[in-house]
Amino acid sequence: MLDPRAIKQDPEPFRYNLSRRGMDTSPIDEFLKLDERRKETQVESEELRNVRNTASKEIGILKREGKDIAEQSAEVKKIGDRIKELEAELSGIEARTSEILACIPNLPHPDVPDGLDEGHNVELRSFGEKKYFSFTPVPHWELGESLGIIDQQGAVKISGTRFVVMKGKGAALERALINFMLDLHTNEHGYTEILPPYLANKETLFATGQLPKFEEDLFKTTGDPPFYLIPTAEVPVTNLYRDEIIDGELLPVRFAGYSACFRSEAGAAGRDTRGLTRVHQFNKVELISFTRPEESYNELERMTSCAEKVLQLLEIPYRVMLICIGDLGFSAAKKYDLEYWAPGQERWVEVSSLSNCTDFQARRGKIRFRPETNAKPALVHTLNGSGLAVGRTLAAVLENYQREDGSVEIPRALRPYMNGTEEITPA
RNA sequence: GGAGAGGUGGCUGAGUGGUCGAAGGCGCGCGAUUGGAAAUCGCGUAGGGGUAGCACAACUGCCCCUCGUGGGUUCAAAUCCCACCCUCUCCGCCA
């Protein structure tokens, strides 16, 4: 959520933000108009409350003196009725206002390039060389099938399309990747490990920005109130500090959360229909930071290098993309993607997305800190980034480590996590 | 699921209709004391919003709201009533 006061003070940057994103700027104007009405209504209702509070105190005194209060009571009751009317109007205005505010995306950092789609993302740097193969490398889903480690049929039978069953060494490799990533981030990068709930309430999803606007992307349980299946550990872990005032001394706070992630992939019909790239359920190790406002962009660089380290240790070629305004997403002010090179598909595939959400989520979730002892609480900045998406990393390993005979070498960094296994050969 | 207890400030904990945004304690800040510190003493210390002063911010004044959430009763609600959520204890069921 954006700062309503900032919008009132100077709406122009906010209109510009929306138009850069290719969106309609009318919510800003509707907000400003509604806020005028809110002000009038609120002032009137508060004035009346003041009158009533004063009168009520007087009645209290009269009553204690044993005097008749019938006349005054009736008078004040009328004021009360009028206050109720105004309140009803006010709450209607406020509901609409917060609905509008809740649906306006974050303001981007000045570095964020123009452009409405991923074609305008900017490559910042890359790591490693695309590996040379003396044969034609195949996509990971073919390797998964021939090696007997990904059971596509089984997944369809159990659940449907866009699910996977990992089997044998494939399951072990997935588990190894999770442990490898968690160990790296907790032992080397100073993150505290979190294993969060996979179901969350609507307040939680609101704070991180999935609700109310993107409900169709989520799975939701029946029952009242419903739960939502988390689309990323960012959601529960960021909410650990919802409605809290963090001791300023503790910042930055860094968490590494492993979780399964659930996404409906509404609107992705036909895209990435095969393999591990786009499924309804996948594993991810997520990095989450809470920082002082002035630290958040440094933290984004640091977090990005932590995620990059995973690919570097696995020796998988990747590039770092600066995400353009149209591809930025709702909550982020600046975002980097890491894309690995998939030789079997001859394309770059996103394996990590790292965002500085500035105070956008913090305002929605009232996540604050005390800058100094006895100072007023201020909003923290929140950041999140994949470190990494495990299924896609597994695909990256398979495609980059495949051999002509159909076997796959296990990256050296993962062998300690697989009881020394050096390769996966066809069953 | 059944029975009971309870949700109050950064924390703890009093408060059963008005003078309560709220005693006491802890913590924290400032000051006194000290060579310095500890101890002690004094003062201060919730959050949000509106409005006026103001170019803005800072600050100051006035006002409103907030004692789990939402309704209700009342001239007036932390306090009474209803619903819901959450926590704890016991019982039942269960991985």
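Chain identifiers are assigned alphabetically (A, B, ...) following the order of the sequence lines, protein sequences preceding nucleic acid strands; residue numbering begins at 1 within each chain.
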Does a nitrogen or oxygen in the side chain of [X] sit under 4.0 Å from OP1 or OP2 of [N]?
X      : N      : answer
A/R38  : B/rG49 : no
A/R370 : B/rG47 : yes
A/K77  : B/rC75 : yes

Worked check of ring-ring contact (aromatic ring centres under 6.0 Å, His included) between A/Y241 and A/F369: CA-CA 10 Å; A/Y241 285 122; A/F369 74 106; over 10 Å; no
Contact residues, residues 41-52 of chain A to RNA chain B [heavy atom, < 4.0 Å]: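 When residues 41-52 of chain A is checked for heavy atoms under 4.0 Å from RNA chain B, the hits, listed by number, are A/Q42, A/V43, A/E46, A/R49, A/N50, A/R52.
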Give the rounded distance in Å between these two atoms: [atom1] of [X] and [atom2] of [N].
X      : N      : atom1 : atom2 : value
A/K376 : B/rA57 : NZ    : P     : 15 Å
A/E58  : B/rU74 : CD    : C1'   : 18 Å
A/E203 : B/rG70 : CD    : P     : 12 Å
A/E244 : B/rG47 : CD    : C1'   : 14 Å
A/D243 : B/rU66 : CG    : P     : 18 Å
A/E87  : B/rG50 : CD    : P     : 16 Å

Paired with [N] by Watson-Crick or G-U wobble geometry, both distances under 3.5 Å: which nucleotide is it?
N      : result
B/rA3  : B/rU89
B/rG36 : none
B/rG9  : none
B/rG61 : B/rU51
B/rG31 : B/rC41
B/rU19 : none
B/rA78 : none
B/rU73 : none

Criterion salt bridge (Lys or Arg N to Asp or Glu O under 4.0 Å) against A/D35, the qualifying member of A/R37, A/R38, A/K33: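 Single pass found, and it is A/R38.
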Cation-pi geometry met for A/R175 and A/Y417 (6.0 Å, 45°):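 Not flagged: A/R175 not positioned over aromatic ring of A/Y417.
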4.5 Å side-chain heavy-atom contact, A/T25 and A/N17: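 Side chain of A/T25 against side chain of A/N17, heavy atoms only: no contact under 4.5 Å found.
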Validation row: A/E215, A/Y228 side chains within 4.5 angstrom (heavy atoms):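 With C-beta onward as the side chain, the pair touches.
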A/P4 to A/F31 - nearest heavy-atom pair and separation: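 In this case the closest contact between A/P4 and A/F31 is CB-CZ, 3.8 Å.
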Plane angle bin for A/H189 and A/Y191 - parallel if under 30°, tilted between 30 and 60°, otherwise perpendicular: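 It falls in the perpendicular class, over 60°.
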Comparing A/K8 and A/V76 on RNA chain B - which has the more 5′ nearest nucleotide: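 On the 5' side of the pair lies A/K8.
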5' priority, RNA chain B, between A/Q9 and A/K39 [closest heavy atom]: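 Of the two residues, A/K39 wins.
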Closest to side chain of A/N53, choosing from B/rG50, B/rC75, B/rC64: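 From the listed options, B/rC64 comes nearest.
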Proximity to the side chain of A/K63 - top-ranked nucleotide from B/rC65, B/rG48, B/rC75: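 Side chain of A/K63 sits closest to B/rC75.
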Sugar-phosphate, base or nothing in reach of A/K78, heavy atoms under 4.0 Å: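 Touches nothing.
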Pairwise P distance, B/rG21 and B/rC62 [rounded to whole Å]: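 Comparing P positions in B/rC62 and B/rG21 gives a spacing of 16 Å.
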Side-chain (A/R415) to main-chain (A/I410) donor-acceptor, under 3.5 angstrom: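 Yes, because the side chain of A/R415 sits within donor-acceptor range (under 3.5 Å) of the backbone of A/I410.
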